[in-house]
Structure formats: C-alpha cells, structure tokens
Amino acid sequence: MKTLVVLVFTMFPIMAFAEPGLNALSMTVNQDGTETYSLSIQVLILMTLLTFIPAAILAMTSFVRIVIVLALLRQAIGTMTTPTNQIVIGLALFMTFFVMAPVFDRVYGEAFEPYMNEEISSETALMRAGKPFKRFMLDQVRETDLALFADMSGTEIHEDKLDDIPFSILVPAFLTSELKTAFQIGFMIFIPFLIIDLVVASVLMAMGMMMLSPLIVSLPFKIMMFVLIDGWVLVLGTLASSFYVA
C-alpha cells in the first residue's frame, strides 16, 4: 500500500497541487427544479493520469532489466510458454518492489509523510520525491548514454550538479542503459544452455538420428541442470544484487 501511495504521489504532480477536500461532483439546481451534475476537471485529469502508472513503473524502476532477463531465461531453457507471461510479469513486479523498497521508503519518509502532516509545501514535497528516483537512475545509467541524450538536447551536464539533470534526459538514458545491461546478462545466461544444445545435436548427428529434433532431447537435460544448480535463486539473486541503491 505504501508503494502504491508513493508511486501515485511521485509520478503525478497534480495530486500534490489539488485542493484539500476537492469535490469530485458538483450539483447545480436549474430554474425548473431539475439537477445537473458535473465532474470536476481536476478529478477528470487525475483519473486520466492514473493510467500512466504502469508506464512510470517501466521507465523509472528496475522492472525493465528484470523482465527482459526473465524472458530471455525462459527462451534459453526452451520452454516458450512456461512460466506464462503473467507469472513472468508478476515475478518481475514483485522483484521490482523488492529492489526499489529503499527508494520508496525514502520518498514516503522524506516527501509524502511530511506533506500529509502539512510540514512542507507541495512544491518542496515534489522536489524531495523526485530526488530518490533520480539518484537511483543515476547510479544505474551509463555515462555514455547520459552524454548522448544530453548532447542531442543541447544540455550541458556538470559533474557536481547531476541532481539538476531533467527527467526528460535521464529517463531515456536510464532505459537505454537498462536494455544494454539486460541483454548482457541474457547473453551470459544463454551460454550454458547453448552448450547443452550443441552437445545433444552432435551426439544425435553421430548416432545418425538426424530426423530427431535436438530441442526435444536437450529440453529435459536443460531443465534438470537448471533445477540441480538452483537456477531461480541464482538468477533472481544476481538480478537483485546487480542494482546499486544508495
């Protein structure tokens, strides 16, 4: 629940600027005694912006790296539909909440809670809420990717003022870095399974069983190897430890 509150509060500034006790519906009594109801524009905009929460989770958290690695792992094993897409996405989401927990806690403690207690203004709260996410992305992003988008936008980056980098530059640079890192991890995962496929294909070729698909024979061996080495723990543990959260 805290995570959802932090995401909604951080991603959508209109919530912070909304007036306390904002009425969702307003009623107007017409001259003939009939009543006309109208929806507040602010509430309508807020409900529309809530649909962007998934995009925010994709763009500013560890979700991209985790879900791509899990998808590549499933393809490397050869079980194209097992685990299902729902299981892969659900596991990636909960792994994202686990990795991002320190960031969410900082946003909740430094921005959301003081704002709800009326200790700071909405502008200060939004500024504080953005800093943990910026710090997380800056810790993961590659300097070359950051410099690329900064050059394309004509923005000069100062080493001592990294917190001033706008999200319009930081987010695409972060996503580019995450894609590259995810494919690098996926490449390392593919190697042992590829070796098993090559060995099985060579054995079948030597035995003259060219009509038998190597994928069918190698699949149980790959599953057995993955289970014996406790592969899920290794992959998920490596993914979680690959993120640096200050």
Side-chain angles (χ1 to χ4, degrees), residues 3-4 7 52-104 133 136-146 170-205 209 212-246:
T3 300
L4 180 59
L7 285 174
F52 289 94
I53 289 182
I57 295 178
L58 286 174
M60 301 174 63
T61 64
S62 58
F63 179 82
V64 171
R65 184 189 304 185
I66 295 173
V67 75
I68 290 178
V69 170
L70 292 179
L72 290 176
L73 171 62
R74 183 177 63 178
Q75 187 174 358
I77 296 176
T79 55
M80 298 304 178
T81 58
T82 304
T84 62
N85 291 332
Q86 292 86 347
I87 294 177
V88 171
I89 294 176
L91 180 58
L93 279 175
F94 280 99
M95 282 294 297
T96 299
F97 293 148
F98 174 78
V99 172
M100 300 294 295
V103 177
F104 293 150
F133 284 96
F136 172 79
M137 290 188 286
L138 285 171
D139 290 334
Q140 316 303 325
V141 72
R142 289 179 171 82
E143 294 183 1
T144 53
D145 297 330
L146 191 61
L170 183 56
V171 171
F174 169 73
L175 286 176
T176 304
S177 296
E178 288 296 282
L179 289 172
K180 182 177 181 179
T181 303
F183 277 93
Q184 287 177 339
I185 298 175
F187 171 77
M188 298 301 297
I189 291 176
F190 254 94
I191 292 178
F193 297 107
L194 180 60
I195 293 175
I196 294 178
D197 287 332
L198 291 175
V199 171
V200 170
S202 300
V203 172
L204 292 177
M205 184 70 68
M209 298 181 179
L212 182 61
S213 175
L215 296 178
I216 298 177
V217 179
S218 64
L219 180 58
F221 289 100
K222 290 190 287 187
I223 293 177
M224 180 182 65
M225 182 201 71
F226 192 69
V227 171
L228 290 177
I229 66 174
D230 207 357
W232 288 111
V233 174
L234 290 176
V235 172
L236 296 179
T238 302
L239 276 174
S241 61
S242 67
F243 292 95
Y244 173 75
V245 181

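Sequence positions, counted from 1, serve as the residue numbers for this chain.
- With values rounded to the nearest 0.5 angstrom, F133 atom CZ is found 10.5 Å from F174 atom CZ.
- Minimum interatomic distance between A182 and I68 (heavy atoms only, all atoms of both residues): CB-CG2, 3.7 Å.
- Ring geometry, W232 versus F226: the interplanar angle exceeds 60°, so the pair is classed perpendicular (tilted spans 30 to 60°).
- For the atom pair CZ (F221) and CZ (F193), the distance works out to 14.5 Å, reported to the nearest 0.5 Å.
- Around atom CE of M188, no more than 12 heavy atoms belonging to other residues, nucleotides or ligands sit under 6.0 Å away.
- The two residues V64 and L58 make their nearest non-hydrogen contact at CG2-O, 3.0 Å.
- You'll find the side chain of V88 stays beyond 4.5 Å of the side chain of T84, heavy atoms only.
- Looking at L70 and L236, their side chains come closer than 4.5 Å, going by heavy atoms from C-beta outward.
- A side-chain N or O of S242 and one of R65 form a donor-acceptor pair less than 3.5 Å apart.
- Interatomic distance, OG1 of T82 versus CD1 of I87, reported as 8.0 Å (0.5 Å rounding).
- Going from atom CE of M137 over to atom CG of L170 covers 4.0 Å, rounded to the nearest 0.5 Å.
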Verdict with reasoning, L138 to L146, per side chain to side chain contact (heavy atoms under 4.5 Å, CB included): CA-CA 9 Å; L138 285 171; L146 191 61; 4.2 Å; yes
Full working for side chain to side chain contact (heavy atoms under 4.5 Å, CB included) between S62 and M100: CA-CA 7 Å; S62 58; M100 300 294 295; 4.1 Å; yes
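- The 12-atom threshold is not exceeded at CD of E143, counting heavy atoms of other residues, nucleotides or ligands nearer than 6.0 Å.
- In plain terms, the two heavy atoms of L72 and G186 that are nearest each other are CD1-CA, 3.7 Å.
- Residues K222 and D197 form a side-chain contact, since some pair of their non-hydrogen atoms from C-beta on lies under 4.5 Å apart.
- Atom-to-atom distance recorded for I195:CD1 and S218:OG is 13.0 Å, nearest 0.5 angstrom.
- When each of T61, I66, D139, T96 is tested with F243 by the rule side-chain contact (heavy atoms from CB on, under 4.5 Å), just one qualifies, namely I66.
- Between I189 and the choices T238, I77, L73, L234, the side-chain contact (heavy atoms from CB on, under 4.5 Å) rule is met once, by L73.
- For the residue pair T181 and R142, a side-chain donor N or O sits within less than 3.5 Å of a side-chain acceptor on the partner.
- Between A240 and V99, the closest heavy-atom pair is CA-CG2, 4.2 Å.
- Considering only residues two or more places apart in sequence or on other chains, D145 meets the salt bridge (Lys or Arg N to Asp or Glu O under 4.0 Å) condition with none of them.
- In this structure, CD in Q140 is found 6.0 Å from CD in E178, a value given to the nearest 0.5 Å.
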Full working for side chain to side chain contact (heavy atoms under 4.5 Å, CB included) between F136 and M60: CA-CA 9 Å; F136 172 79; M60 301 174 63; over 6 Å; no
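- Heavy-atom minimum distance, T79 versus R74: O-CG, 2.7 Å.
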